[in-house]
Amino acid sequence: MQPKIVFTDVDGTFADKGHQPLPSDVPTVARLMQAGVPLCLVSARSPEGLYPFQRTLGFTGPLVCYSGAYVLDEQGRELASKVIPAQDATDIYAYLHRELPELCVNTYGFHDWICDDRSDPRVRREEGLVHAQARETDDLMGVFGGRGVHKFLLMGEPAQIAAAEQTVGARYPQLNVVRSSEILCEIMDGTASKSAGVDCLCRHYGVSSADAVAFGDGYNDLDMLGAVGRSYAMANGVDAVKAAATDVTRWTNDESGVARTVAELFGWTDLLVR
């Protein structure tokens, strides 16, 4: 199968263990662009957290941000947006600060990212990984107004995050509450999903999902992998993802698993020599 569109998660999948793009992937990305095959990043990150990744690899393309809550076309125009309404977001924000004071609460909407304390090491770490900056303020309504927010991101220790996923999910069953890593928990509108973002971009390009391929490594990639004709779990992925995908890559994210598998699918054997 030579896919007509390629979807890939970023962290743990297309990025290395340091959450950065691999310069060695540039030739494969360039070949995809020459072939006219869209390469779509599907991530919990904001647009500002994905633009530097694209620039490093030398390509432009559509983005599925906030795990499907915000979808942009190749020119950065909005194709889909699923927000937590402003008043609901305000109530959730207050609940998180009141009931989970040990966690670092970050709020994202459209192109804005706010937090209470930019000096918090957890925020600094995230800024370094995604090459974007948070704004320090607790004025949620002042920043997002009546537009609503796309995501809350909770940062903490693994046990705290596991507990938060359960308690917040039980408190707000209408929301999509899922861990994106051991130390991060995402909270979004209940209808937001990576699979919805995949479907949106397939329709945008007039491509059947059966002709799409997707790559992922974590639990929040499961619905995306089930939405395409061929899916790959990364060799470094969790067992549940490997069991759900149609295939498993022969290489990890640190070994350019996405780029090398894409080269195999298209028969670009010259790009497999490392």
Side-chain angles (χ1 to χ4, degrees), residues 1-29 31-32 37-45 49-50 52-54 56-57 59 61-68 126 129-130 158 161 178-186 193-195 197-198 201 209 211-269 271-274:
M1 171 193 173
Q2 289 192 355
K4 295 181 180 178
I5 188 167
V6 176
F7 296 96
T8 180
D9 173 51
V10 175
D11 297 294
T13 302
F14 203 24
D16 65 17
K17 63 183 177 184
H19 302 272
Q20 303 306 313
L22 289 157
S24 58
D25 291 349
V26 169
T28 300
V29 171
R31 192 78 61 89
L32 269 180
V37 178
L39 174 59
C40 313
L41 301 183
V42 184
S43 174
R45 296 189 188 192
L50 293 174
F53 198 96
Q54 288 181 316
T56 298
L57 294 181
F59 78 104
L63 299 173
V64 177
C65 308
Y66 306 129
S67 296
E126 187 71 10
L129 294 179
V130 302
I161 292 298
V178 61
R179 278 176 289 172
S180 53
S181 79
E182 287 190 335
I183 59 173
L184 301 174
C185 182
E186 320 277 343
S193 67
K194 288 189 174 184
S195 59
V198 165
L201 288 179
S209 60
D211 294 321
V213 65
F215 296 85
D217 73 299
Y219 295 110
N220 63 341
D221 296 317
L222 284 168
D223 70 302
M224 172 179 70
L225 298 182
V228 297
R230 189 164 188 177
S231 56
Y232 280 89
M234 301 303 294
N236 54 282
V238 299
D239 289 341
V241 175
K242 291 179 180 178
T246 62
D247 297 271
V248 177
T249 64
R250 296 196 286 122
W251 304 279
T252 68
N253 60 322
D254 263 345
E255 298 167 332
S256 295
V258 172
R260 294 168 87 170
T261 302
V262 166
E264 278 194 328
L265 287 172
F266 283 90
W268 299 331
T269 55
L271 297 179
L272 291 172
V273 179
R274 296 289 174 122

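Counting from 1, the numbers follow the sequence of the chain as shown.
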Completion exercise
Value for CG (Leu272) from CH2 (Trp251), rounded to nearest 0.5 Å, stands at 5.5 Å

Exercise for the section: Heavy atoms only: give me the nearest Leu129-Gly18 pair and the separation to one decimal. Expected result: CD2-O, 3.6 Å

Problem - Backbone of Arg179 reached by a side-chain donor or acceptor of Glu186 within 3.5 Å - result: no

Fill in the blank from the handout: Across all chains, not counting sequence neighbours, the side-chain hydrogen bond (donor to acceptor under 3.5 Å, both in side chains) partners of Glu126 are none

Handout entry: Partner residues of Asp11 under the side-chain hydrogen bond (donor to acceptor under 3.5 Å, both in side chains) criterion, sequence neighbours left out
Key = His19, Arg45

Handout entry: Rounded distance [0.5 Å steps], OG1 in Thr13 versus CG in Asp217
Key = 3.5 Å

Exercise for the section: Determine which pairs satisfy salt bridge (charged side-chain N to carboxylate O under 4.0 Å, His left out) with at least one residue from residues 240-254, sequence neighbours left out, and list them in order. Expected result: Arg230-Asp247, Arg250-Glu264

Problem - Heavy-atom pair with the smallest gap, counting every atom of Ser43 and Val10 - result: CB-CG2, 3.9 Å

Practice task
For residues Val6 and Pro38, determine if any side-chain heavy atom of one lies less than 4.5 Å from a side-chain heavy atom of the other.
Solution key: no

Handout entry: Atom pair CG/OG of Leu222 and Ser193 - distance to nearest 0.5 Å
Key = 12.0 Å

Practice task
Could you tell me which residues satisfy side-chain contact (heavy atoms from CB on, under 4.5 Å) with Ala235, sequence neighbours excluded, listed by chain and number?
Solution key: Thr249, Thr252

Exercise for the section: Answer whether the closest heavy-atom distance between the side chains of Arg31 and Val37 falls below 4.5 Å. Expected result: no

Completion exercise
Looking only at heavy atoms, the pair that brings Leu22 and Ser256 closest together is CD1-OG, 3.5 Å

Practice task
Report, as yes or no, whether the 6.0 Å neighbourhood of atom CZ on Phe266 holds more than 12 heavy atoms from other residues, nucleotides or ligands.
Solution key: yes

Practice task
Can you see which heavy atom on Ala15 is nearest to which on Asn253, and at what distance?
Solution key: O-ND2, 2.9 Å

Practice task
Check step by step if side-chain contact (heavy atoms from CB on, under 4.5 Å) holds for Thr56 and Gln20.
Solution key: CA-CA 9 Å; Thr56 298; Gln20 303 306 313; over 6 Å; no

Handout entry: Residue pair Val241 / Leu225, side-chain heavy-atom distance below 4.5 Å
Key = yes

Problem - Closest contact, heavy atoms only, Asp223 versus Asn220 - result: OD1-O, 3.7 Å

Handout entry: Results of side-chain hydrogen bond (donor to acceptor under 3.5 Å, both in side chains) for Asp211 - residues two or more places apart only
Key = none

Fill in the blank from the handout: Closest non-hydrogen atoms of Leu32 and Trp268, given as atom of the first, atom of the second and distance, are N-CH2, 3.8 Å

Fill in the blank from the handout: Between the OG atom in Ser67 and the CG atom in Asp9, the distance rounded to the nearest 0.5 Å is 8.0 Å

Problem - Interatomic spacing from SG in Cys40 to CD1 in Ile5 - rounded to 0.5 Å - result: 4.0 Å

Handout entry: Close side-chain approach of Leu41 and Thr8, heavy atoms under 4.5 Å
Key = yes

Handout entry: Asp16: side-chain hydrogen bond (donor to acceptor under 3.5 Å, both in side chains) partners, not counting sequence neighbours
Key = none

Practice task
Could you check if a side-chain atom of Met224 sits within less than 4.5 angstrom of a side-chain atom of Val64, using non-hydrogen atoms only?
Solution key: no

Handout entry: Donor-acceptor pair, side chain of Ser231 and main chain of Thr246, under 3.5 angstrom
Key = yes

Exercise for the section: Assign the ring pair Tyr232 / Phe215 to parallel, tilted or perpendicular, where the plane angle (0 to 90°) is split at 30° and 60°. Expected result: parallel

Practice task
Any chance you could measure Ser195, atom OG, to Asp221, atom CG, to the nearest 0.5 Å?
Solution key: 11.0 Å

